[in-house]
Each structure stands twice: as C-alpha cells, then as structure tokens.
**Student:** 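This structure is in structure tokens; I'll ask about it shortly.
As a basis for the values below, the full set of heavy atoms in this structure was taken, side chains included, without hydrogen atoms, waters or symmetry mates. In each ligand, atom 1 is the first atom listed, and ligand 1 is the first ligand listed.
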Amino acid sequence: MHTWTARLIEIWEENGARVGLLECPADHRPSAGRCLLGAAREGPPPVLPHLLFPGGLLPEGLVLAPGLPLSWQPGIELALRGPFGSGFHLPPKARHVLLAAPQHSPRRLLPLIPLALAQRSEVTLVCHPDFLAALSHPLPPLVEAIPPEALPEALDWADYLAADCPAGLPHLLTEWRGSGQALISVPMPCGNLADCGACAVNTRGGWKLACKDGPVFDLRDLA
Ligand code: FES
C-alpha cells in the first residue's frame with residue numbers, strides 16, 4: 001500500500017455522475033475491483049476520505065469510476081492511499097467472460113476488458129443502454145454489449161462472470177453456479193487502517209471485511 005499525492009487532470013459527466021482522470025504512477029494503480037482512498041489536500045479536511053475505483057486506463061492517467069464529489073475540480077491535488085482490498089481475478093482459462101452491470105454504470109468492470117481480450121477471451125457486457133451511451137470512449141469493437149433483459153441468456157453462455165450491482169445482487173446472479181465474482185458496494189471509511197468494521201460483509205464463511213477480503217467476493221461465498 002502506498003500514500004502519495006496526485007493531480008486530478010480532468011473531470012466529466014457520464015449519465016449525470018462525475019468521472020475523473022487522475023495522474024497515477026503505474027505501480028500505484030489499483031487493478032480492477034481494488035480501490036484507493038482520496039481527499040483534497042487543500043481546504044477543510046473531509047469527514048471521511050472518498051472511495052475511488054479504477055474505471056479504465058488512458059495514456060494520460062487512470063480513469064476514476066463515477067462518484068467524484070462536487071467539490072473536486074480539475075487540477076486539484078489529492079492525497080491518496082492504496083491500492084487496498086482484493087479485486088477481480090480473471091481465470092486464465094475463461095473463454096466466455098460476462099461483465100454484468102445491469103443497474104448502473106459499467107465503469108468499475110471496464111478495466112477487465114483489456115485483460116480478457118489479451119487472453120483471447122470473448123467478452124460480453126450487460127449494461128443499460130443509457131449508461132453505455134454515456135461512456136466517454138467507445139468499447140473495443142470485439143466487446144459485445146447487450147441490455148439487462150438479455151442477462152439470462154448470457155449466463156448460459158458465460159464461463160466466468162464479473163458483476164457490479166450496487167443496489168444488491170439479483171437472484172439470477174446469486175443462484176448462478178458458474179465461476180463468478182461480485183464487487184460489493186459498502187462504505188470503507190478506514191481502508192483497513194483502524195479495524196472500524198464498517199465494511200463488514202456477511203458471507204457463507206462468516207463476516208468478512210470488504211477493505212481486506214473484498215470488496216470483490218466469490219459469488220458462491222455471498223450469503
Ligand atoms: S473500512 Fe474499516 S475495517 Fe474495513
């Protein structure tokens with residue numbers, strides 16, 4: 001885990017949510033599903049630092065997934081800590097990779113796309129058309145995007161599923177018996193620094209800490 005300072009280069013909106021581009025050294029970048037804690041260096045300190053997830057990579061820096069605070073503006077310096085937690089682990093043998101963000105922005109799943117294409121997997125993204133149209137950069141042509149209604153059929157096709165459903169996992173996904181992982185959205189105020197317990201997630205193996213054991217969990221572990 002690192003602590004460092006970096007500049008937020010750019011901010012834009014995708015379907016009403018603020019997305020940013022952060023200067024970020026290669027060895028400080030969180031992998032898909034892992035996170036950073038960030039706070040503005042200047043001005044009154046926030047009550048809690050903000051949780052930041054990778055949402056893609058551009059030549060200029062790391063794309064931060066939607067949810068940046070309104071007080072942040074382009075050029076602001078951020079104090080950062082991370083990466084922490086456990087992210088997605090794409091099985092090297094997966095050939096049919098299904099990324100499912102049926103209810104909101106797929107940004108937090110997008111960092112998996114170059115990994116899947118590099119291992120010659122086919123990739124399908126389940127996403128509402130409004131969120132798809134709002135992405136600042138188009139998906140690679142090899143990625144098929146389908147609407148949420150097509151999720152049941154896509155599950156028959158997939159041999160690995162990565163899900164991001166902040167409002168709760170649909171039964172369709174919790175009951176799926178294939179290889180899969182889900183990013184669980186919970187507050188992580190201390191980022192595994194003070195054992196606050198605010199990020200506890202109930203799993204089949206008991207309570208686990210999202211900031212340490214997650215926030216990405218195996219689907220079969222989720223109660
Ligand atoms: S955020 Fe405090 S223990 Fe996980």
**Student:** Please answer whether the main-chain N or O of Val19 pairs with a side-chain N or O of Glu14 as donor and acceptor at a distance below 3.5 Å.
**Tutor:**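 Checking the backbone N and O of Val19 against the side chain of Glu14, no donor-acceptor pair under 3.5 Å is found.
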**Student:** Measure the spacing between CE of Met188 and SG of Cys196 and express it to the nearest 0.5 Å.
**Tutor:**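 So the gap between those two atoms works out to 10.5 Å.
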**Student:** Suppose the cut-off is 2.8 Å; how many protein N/O/S atoms fall inside it around atom 2 (Fe) of ligand 1?
**Tutor:**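 Of the protein's nitrogen, oxygen and sulfur atoms, 2 lie under 2.8 Å from atom 2 (Fe) of ligand 1.
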**Student:** Look at the side chain of Gln181 and the backbone N and O of His89, then say whether any donor-acceptor pair between them is shorter than 3.5 Å.
**Tutor:**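 Between the backbone of His89 and the side chain of Gln181 there is a qualifying donor-acceptor contact (under 3.5 Å).
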**Student:** What residue among Pro215, Pro54, Ser185, Cys35 forms side-chain contact (heavy atoms from CB on, under 4.5 Å) with Arg108?
**Tutor:**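 One option only clears the test, and that one is Ser185.
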**Student:** side-chain contact (heavy atoms from CB on, under 4.5 Å), that's the test. Do Val201 and Leu222 meet it? Break it down for me.
**Tutor:** CA-CA 8 Å; Val201 173; Leu222 294 170; 4.2 Å; yes
**Student:** For atom NZ of Lys208, is the number of surrounding heavy atoms from other residues, nucleotides or ligands below 6.0 Å larger than 12?
**Tutor:**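 Yes.
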